[in-house]
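Structure, as C-alpha cells:
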Amino acid sequence: GNPCCSYPCQNGGVCMPHSNSQYTCDCTGTEFYGQNCETPTLLQRFKLLLRPTPETLHTWLVHNKWLWDIVNSMTFVKDFIMKMVVLIRSNIVDAPPTYTSDHEYITLDAATNLSYFTRALPPVPRECPTPMGVVGPKILPDPKLVAEKLFRRTEFKRDALDSSVLLTFFAQHFTHMFFKTDMKKGPGFTWGGHGVDGSSVYGPDKHTENLLRSFTDGKLKSQMINGEEWPPYVSDAPVKMLYPPSVPKDKQFALGHEFFGLLPGLLAYGAIWLREHNRVCEILKTEHPHWDDEQLFQTTKLIIIGETIKIVIEDYVQHLSNYHFKLFFKPELMFGQSFQYSNRISVEFNHLYHWHPLMPDNFNISGTDYKLRNFMFNTEIPVKHGMRQLVESFSSQHAGKVTFRNHGAGTMHVAVDTIKHGRELRFQSFNQYRKRFRLKPYSSFQELTGETEIAAELESLYEDIEAVEFYVGVIVERHREQSMFGGGMIEIGGPFSVKGLMANPICSPKYWKPSTFGGDVGFNIIKTASLKKLFCKNIDGDCPLVSLKVPQTVSEAQANEKCDSQCSKNEL
Ligand SMILES: COc1ccc2c(c1)c(CC(=O)NCCNS(=O)(=O)c1cccc3c(N(C)C)cccc13)c(C)n2C(=O)c1ccc(Cl)cc1
C-alpha cells in the first residue's frame with residue numbers, strides 16, 4: 001500500500017511514496033531535517049524556545065487588561081504587534097495556493113483555476129486502508145448518527161461571551177460573500193470571488209449588479225416602505241432570488257445573494273448596506289458634482305468594501321477574539337513587507353465557519369415571538385417592525401454557543417452536509433489539521449472535549465482520537481478560557497480570516513490612498529467606519545442600540561424574567 005497513508009513526514013514535510021512501500025520526506029523550507037523531518041535546525045530550536053505556545057499567548061491576550069491598555073496607547077508598540085499578527089497569521093496560509101480537492105499533490109490548476117476552493121491540506125490518498133489514512137474505522141459512522149449524537153440541540157446553550165443575534169446575522173451576511181459552494185460542480189468548487197468583494201450587496205456578477213443599480217447618481221435601486229429605504233422587489237430588479245412559491249414576486253426583495261431572502265436578519269443587513277451605499281453616493285456627489293453615475297458607483301463600491309473590512313476587524317473580530325489588545329485596520333503596516341495581495345478561499349475555512357449553533361430556535365422582535373420556521377422567508381417582519389426595532393431586538397437577544405449539542409433542529413441538515421462534504425473531499429483528520437497549524441494534537445477524547453460524556457460518544461463513533469473528523473473536532477473541542485471557540489477554530493480559522501481581510505486589493509499600496517476613494521472625504525468614511533455608525537447614520541432619530549454583545553443590563557433583566565417564571569413555579 002501507499003506508505004504515505006500513515007503521514008510519516010512531520011512539520012510540513014512532503015511525503016513522496018515509492019513503489020516498494022518505501023517513502024521519502026521532502027523537508028525543504030521546513031527548518032527541520034531527518035528521515036521524517038522531525039529534527040529541528042539550531043535556528044528552529046532557538047525559535048521554538050522563544051515562541052510562546054498559542055495557549056499561553058491566548059491567556060495573555062484575554063487577561064492582564066492593565067498591560068494591554070498600556071500597549072494600546074503606545075502607537076509604535078501596537079503597530080509592531082499588529083504587523084507581527086498579520087505577518088505571522090498570513091504566512092501560515094500558502095500563497096499562491098498549493099492544493100485542490102482533486103489532487104493530493106501540487107498542480108498548476110491549484111494556482112490558476114479559480115473555480116476551486118483551495119486546500120490547506122491535500123486530500124487523503126485514495127488507496128489508503130481507512131478514510132483517515134491508516135487509523136480509525138474502515139467505514140466512518142453515518143453522518144446523521146454523528147449529528148444526532150453530537151450536534152442536535154438538547155437545550156439552548158448561550159454563547160459564553162453573551163454574543164447577540166446581531167452577531168449571528170453579521171457572520172451570515174458577511175461570510176456568504178466568499179463561501180459560495182458550486183453545488184453543480186461539487187463541494188470542492190466555488191462560484192464566489194475569493195474575498196471581501198461586496199457581492200452580498202452588489203451581486204456575484206456584472207449582470208446582477210446592473211439589475212440592482214439605478215444608474216442615477218451612482219445609487220442602487222431602492223424603495224420607500226413605511227418611510228424607510230428598503231431593497232427593491234424582484235419585480236423591479238429581476239435578479240435570481242431563492243424564495244418559496246408562497247412568497248409572490250412582488251413581495252420578494254432583490255438582494256446581492258440569491259439566498260438572502262431566507263431570514264429577516266439578512267434582509268436587514270442588505271438594507272442597511274444599501275442605505276449606506278446610497279448615503280455615500282450623496283456625499284461624493286456633493287464633493288464631485290461633475291462625476292458621472294459610473295464614477296460615483298465605482299468609487300462608492302470601493303468605500304463600502306473598505307468600511308466592511310474596517311468593521312469586520314475592529315468590531316466583529318475584536319468581539320470574536322475577546323482580546324484586550326485592540327485589533328485595528330491599518331494597511332500601511334504591510335507596506336514594504338513581503339506580503340501578497342491575493343487571497344484564495346479554502347474549503348476548510350468554509351467548513352470551520354459553519355457556526356449554525358449561533359442561531360436561536362426563535363426570535364423575539366420587540367416583544368413578538370417568532371418560531372424559526374415562521375421567521376424564515378418572512379418578508380413582512382422587517383418592514384412591519386422597521387430597522388430600529390430589528391437592530392435593537394437582534395442586539396438584545398442571546399446567540400447560541402458554538403459547541404456540541406447546540407445545533408437547532410432547523411440547522412441539523414447543514415451539519416450533516418458539512419460532515420458529508422468533508423468525507424467526499426477526503427479531509428484529513430482534525431489532529432492532522434492541528435499539527436498543520438502548529439497546535440499540539442490531542443492524545444485522548446477527554447482532552448479534546450474537556451468532559452467525559454461526549455468523549456465517550458466520540459470514542460464509540462471513531463475508536464481512535466487520530467480518526468476524529470475535521471468539522472466534528474472543531475465543534476466538540478473544549479473552548480479556551482474567555483472564548484467563544486476552541487483552539488482549533490481560532491488557530492486554523494484566524495489565519496484565513498486575517499489573510500482574507502488584509503490581502504484585499506484596496507489594502508495594497510497602489511489602492512490605499514485618498515484619490516482611490518474620492519479624496520479625504522471618502523478615505524475618512526472608511527477610517528471612521530463602525531457597526532454602530534453604520535446603523536446610526538441610516539436610521540432616523542437618535543442612535544438605536546447596536547451591539548454584538550447582549551448588554552449586561554438587558555441580560556440581567558432577561559435572567560430575572562426567566563427567574564420570575566421559574567421562581568414563581570418553585571414557590572407554588
Ligand atoms: C480568541 O478567539 C478568536 C476568535 C476568532 C478570531 C480570533 C480569535 C482571531 C485572532 C487570532 O488569529 N488569534 C489567534 C492568535 N492570535 S493572533 O492575533 O494571531 C497573534 C499571533 C501572534 C502574536 C500576537 C500578539 N503578540 C505579538 C503579542 C498579539 C496579539 C495577537 C497575536 C481572528 C483573526 N479571528 C477570526 O477572525 C476568525 C474568524 C473565523 C474563524 Cl473560523 C476563526 C477565526
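Both counts, for ligands and for their atoms, begin at 1 and track the order of listing. This chain uses plain numbering: 1 for the first residue, then up along the sequence. Computed from heavy atoms alone, side chains included, the values below leave out hydrogens, waters and symmetry copies.
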All pairs passing side chain to side chain donor-acceptor pair (under 3.5 Å) where residues 160-176 contributes a residue, at least two apart: Asp159-Ser163, Ser163-His319

Short side-chain to backbone donor-acceptor contact, His407 and Pro357, under 3.5 Å: no

Exam field: side chain Ser73 to backbone Ile70, donor-acceptor pair closer than 3.5 Å: yes

Tabulating one pair per line, provide the atom names and distances (0.1 Å) for every N/O atom of ligand 1 that is less than 3.5 Å from a protein N/O atom.
unit_1	atom_1	unit_2	atom_2	d
ligand 1	12 (O)	Arg89	NE	3.2
ligand 1	13 (N)	Tyr323	OH	2.8
ligand 1	16 (N)	Tyr323	OH	3.2
ligand 1	19 (O)	Arg89	NE	2.8
ligand 1	37 (O)	Ser497	OG	2.8

Lys527 NZ/CZ over Phe523 ring centroid, <6.0 Å and within 45° of normal: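 Pair Lys527/Phe523 counts as cation-pi.
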
Atom pair CD/CG of Glu348 and Leu121 - distance to nearest 0.5 Å: 6.5 Å

With Glu491, the side chain to side chain donor-acceptor pair (under 3.5 Å) member among Arg434, Arg436, Arg480: Arg480

